[in-house]
Visitor: 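Let me give you the structure first, and then I'll get to my questions.
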Amino acid sequence: MEKKECFVAVDFEDDDNVKGYLYWYLCKFANVEAGDKVVAPLGRHNNLQQGVVKQILFAYEEDAPFPVQYIKNIRNLIKTDSANLYRIIKKRELNSTVTMMDIYAPLVAKKAEAGQFIILRVDDDGERIPLTVAGFDRKAGTVKIIFQVVGGTTMRLNVKREGEYIADFVGPLGCATKTEGLKKVCIVGGGVGCAIALPVAQKLHEKGAEVHSIIGFRSKEMLILEDEFKACSNKLTIVTDDGSYGNKGVVTQPLKELIEKGERYDEVIAIGPLIMMKFVVATTKPFGIPTTVSMNPIMIDGTGMCGGCRLTVGGKTKFACVDGPDFDGFEVDFDEAMARSNMYSEFEQKEREHCNLFKKEIV
């Protein structure tokens, strides 16, 4: 059989300068279909942009929709993918302190699953920070991250613009959240932890499970991802500490009410501040409902070598980076985890104050 090659026509519809024009590429996308969003290079400088596939053509080289001599150039363009790794494809502010980015990292996107995390460095001299995978698009080759601007490193990351790069983006790391066999689940997310909870809720929804989501924030201004949770939840409850949106209170109140009204969950999955997860476990334990918590302590190497993320689970030492980050909430020593987390508060505050970005207004 003679070899045919697949070409796709991409419309970069978000770019007013080229919107409506079709740019043809030798296909490098996995199982691509018309209408899929993909990331491809545009222009002689090979700048990556997100576009939409409009047409697919299987053809002999001589039947390609452009001169044959261009095919070699296209192949070379595809090979320069590595030069575009870790490019910021999209950036969106979710609230005044939380930012979402889509990073071009096709090898990570190919393997990532809900519940796993990556470790990144903003620049060559930067520190390593772990961020949970908040979503991924295997066809576009992008990985979504959501982070809260709380220290020097996240401030440096936050000033990066679309089209710029970060130095390193390693992953996926950790174990994926177990969803097999779950028919009815309650997802409980707190603050920026909702970014971690969302892909888990989405995966369960895609697998046909009944998903009840409870998400909590300090105030309406801190609310994130409401529409995304609505789309993947059979029932969504929003609570705020000050009552400025949704129900006033904390996430454990509606959780307890749902259980007492007869809701029977195969599992409760809690993701958020340590103190929140501790009290979610205290709420579910009397009812004997299995409860999974996502532990994201201080991490350095992400491979279990440094020991920085050690936890006590069931009386044994575990490492969040390789044994987790998900653990049986009934077995986690939350008091120890919170004490260890607070050890770094003074250091983090000094790093924030020493960051030059902290001393000027960011525009």
Side-chain angles (χ1 to χ4, degrees), residues 35-37 50 90-102 112-115 131-138 140 142-148 177 179 182-259 261-273 276-277 280 283-284 289 291-294:
D36 285 342
K37 290 183 178 180
Q50 184 165 281
K90 281 198 172 183
K91 177 183 178 182
R92 180 161 68 97
E93 185 180 276
L94 298 183
N95 64 35
S96 60
T97 65
V98 178
T99 299
M100 179 169 67
M101 289 181 175
D102 288 345
E113 295 290 349
L131 292 173
T132 302
V133 172
F136 48 84
D137 188 326
R138 301 198 201 284
T142 57
V143 177
K144 192 181 302 295
I145 57 172
I146 298 176
F147 58 93
Q148 189 168 23
T177 298
T179 57
L182 299 179
K183 302 298 183 183
K184 187 173 182 178
V185 180
C186 186
I187 303 291
V188 184
V192 74
C194 293
I196 308 172
L198 178 62
V200 178
Q202 291 172 328
K203 183 175 181 179
L204 286 164
H205 177 71
E206 290 170 1
K207 294 170 72 69
E210 182 177 347
V211 178
H212 294 183
S213 297
I214 303 171
I215 54 177
F217 306 89
R218 292 199 306 272
S219 64
K220 181 179 180 180
E221 288 69 29
M222 296 293 103
L223 176 67
I224 61 173
L225 305 172
E226 178 182 7
D227 291 340
E228 289 83 351
F229 270 102
K230 281 182 179 178
C232 64
S233 303
N234 300 86
K235 183 181 295 185
L236 173 63
T237 303
I238 300 174
V239 299
T240 51
D241 293 349
D242 62 2
S244 56
Y245 194 75
N247 301 329
K248 183 177 182 179
V250 293
V251 293
T252 51
Q253 292 172 334
L255 174 62
K256 186 176 181 180
E257 290 172 3
L258 287 169
I259 296 172
K261 287 179 181 179
E263 298 287 3
R264 293 293 176 260
Y265 299 112
D266 297 326
E267 191 167 330
V268 170
I269 300 175
I271 306 172
M276 184 211 83
M277 293 190 291
V280 167
T283 301
T284 58
I289 301 174
T291 303
T292 295
V293 296
S294 180

Visitor: State which residues pass salt bridge (Lys or Arg N to Asp or Glu O under 4.0 Å) with Arg92; sequence neighbours excluded, sorted by chain then number.
Guide: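 Residues passing salt bridge (Lys or Arg N to Asp or Glu O under 4.0 Å) with Arg92: Glu228.
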Visitor: Using a distance-only test with no angle check, is there a side-chain donor-acceptor pair under 3.5 angstrom linking Ser96 and Glu221?
Guide: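 No, Glu221 and Ser96 have no side-chain donor paired with an acceptor closer than 3.5 Å.
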Visitor: If you look at every heavy atom in Asn234 and Ala209, which pair is closest and at what distance?
Guide: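 Heavy atoms of Asn234 and Ala209 come nearest at OD1-O, 3.8 Å.
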Visitor: Do you know which two heavy atoms are closest between Lys144 and Asp102, and how far apart they sit?
Guide: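 Minimum heavy-atom contact is NZ-OD1, 2.8 Å.
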Visitor: Just to verify, what does Lys184 make a salt bridge (Lys or Arg N to Asp or Glu O under 4.0 Å) with, not counting sequence neighbours?
Guide: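 With sequence neighbours excluded, Lys184 shows a salt bridge (Lys or Arg N to Asp or Glu O under 4.0 Å) to Glu263, given in chain and number order.
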Visitor: Counting distance only, does the side-chain N/O of Asp266 pair as donor-acceptor with the main-chain N or O of Leu182 below 3.5 Å?
Guide: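 Such a contact is absent between Asp266 side chain and Leu182 backbone.
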Visitor: When you check the side-chain N and O atoms of Thr291 and Thr284, is any donor under 3.5 Å from an acceptor?
Guide: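 The criterion, which ignores hydrogens and geometry beyond distance, is satisfied for Thr284 and Thr291.
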Visitor: Without placing hydrogens or testing angles, list every side-chain donor-acceptor pair under 3.5 Å for residues 187-207, not counting sequence neighbours.
Guide:
{"unit_1": "Lys207", "atom_1": "NZ", "unit_2": "Glu180", "atom_2": "OE2", "d": "3.0"}

Visitor: Taking side chain to side chain donor-acceptor pair (under 3.5 Å) as the definition, give me every residue that meets it alongside Thr97, ordered by chain and number, with sequence neighbours left out.
Guide: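 Expected list: Asn95.
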Visitor: Please tell me if the side chains of Thr283 and Val268 come closer than 4.5 Å, counting only heavy atoms from C-beta onward.
Guide: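 A side-chain contact under 4.5 Å is absent here.
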Visitor: Sequence neighbours left out, what passes side chain to side chain donor-acceptor pair (under 3.5 Å) with Glu210? Give chain and number order.
Guide: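 Counting only residues at least two positions away or on another chain, Glu210 forms a side chain to side chain donor-acceptor pair (under 3.5 Å) with His212.
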Visitor: Tell me which donor-acceptor pairs under 3.5 Å the side chains of residues 238-245 have, and how far apart each pair is, sequence neighbours excluded?
Guide:
{"unit_1": "Thr240", "atom_1": "OG1", "unit_2": "Gly243", "atom_2": "N", "d": "3.2"}
{"unit_1": "Thr240", "atom_1": "OG1", "unit_2": "Ser244", "atom_2": "N", "d": "3.2"}
{"unit_1": "Thr240", "atom_1": "OG1", "unit_2": "Tyr245", "atom_2": "N", "d": "3.3"}
{"unit_1": "Thr240", "atom_1": "OG1", "unit_2": "Tyr245", "atom_2": "O", "d": "2.7"}
{"unit_1": "Asp242", "atom_1": "OD1", "unit_2": "Ser244", "atom_2": "N", "d": "3.0"}
{"unit_1": "Asp242", "atom_1": "OD1", "unit_2": "Ser244", "atom_2": "OG", "d": "2.7"}
{"unit_1": "Asp242", "atom_1": "OD2", "unit_2": "Ser244", "atom_2": "OG", "d": "3.4"}
{"unit_1": "Ser244", "atom_1": "OG", "unit_2": "Lys220", "atom_2": "N", "d": "2.8"}
{"unit_1": "Tyr245", "atom_1": "OH", "unit_2": "Glu226", "atom_2": "OE1", "d": "3.1"}
{"unit_1": "Tyr245", "atom_1": "OH", "unit_2": "Glu226", "atom_2": "OE2", "d": "2.8"}

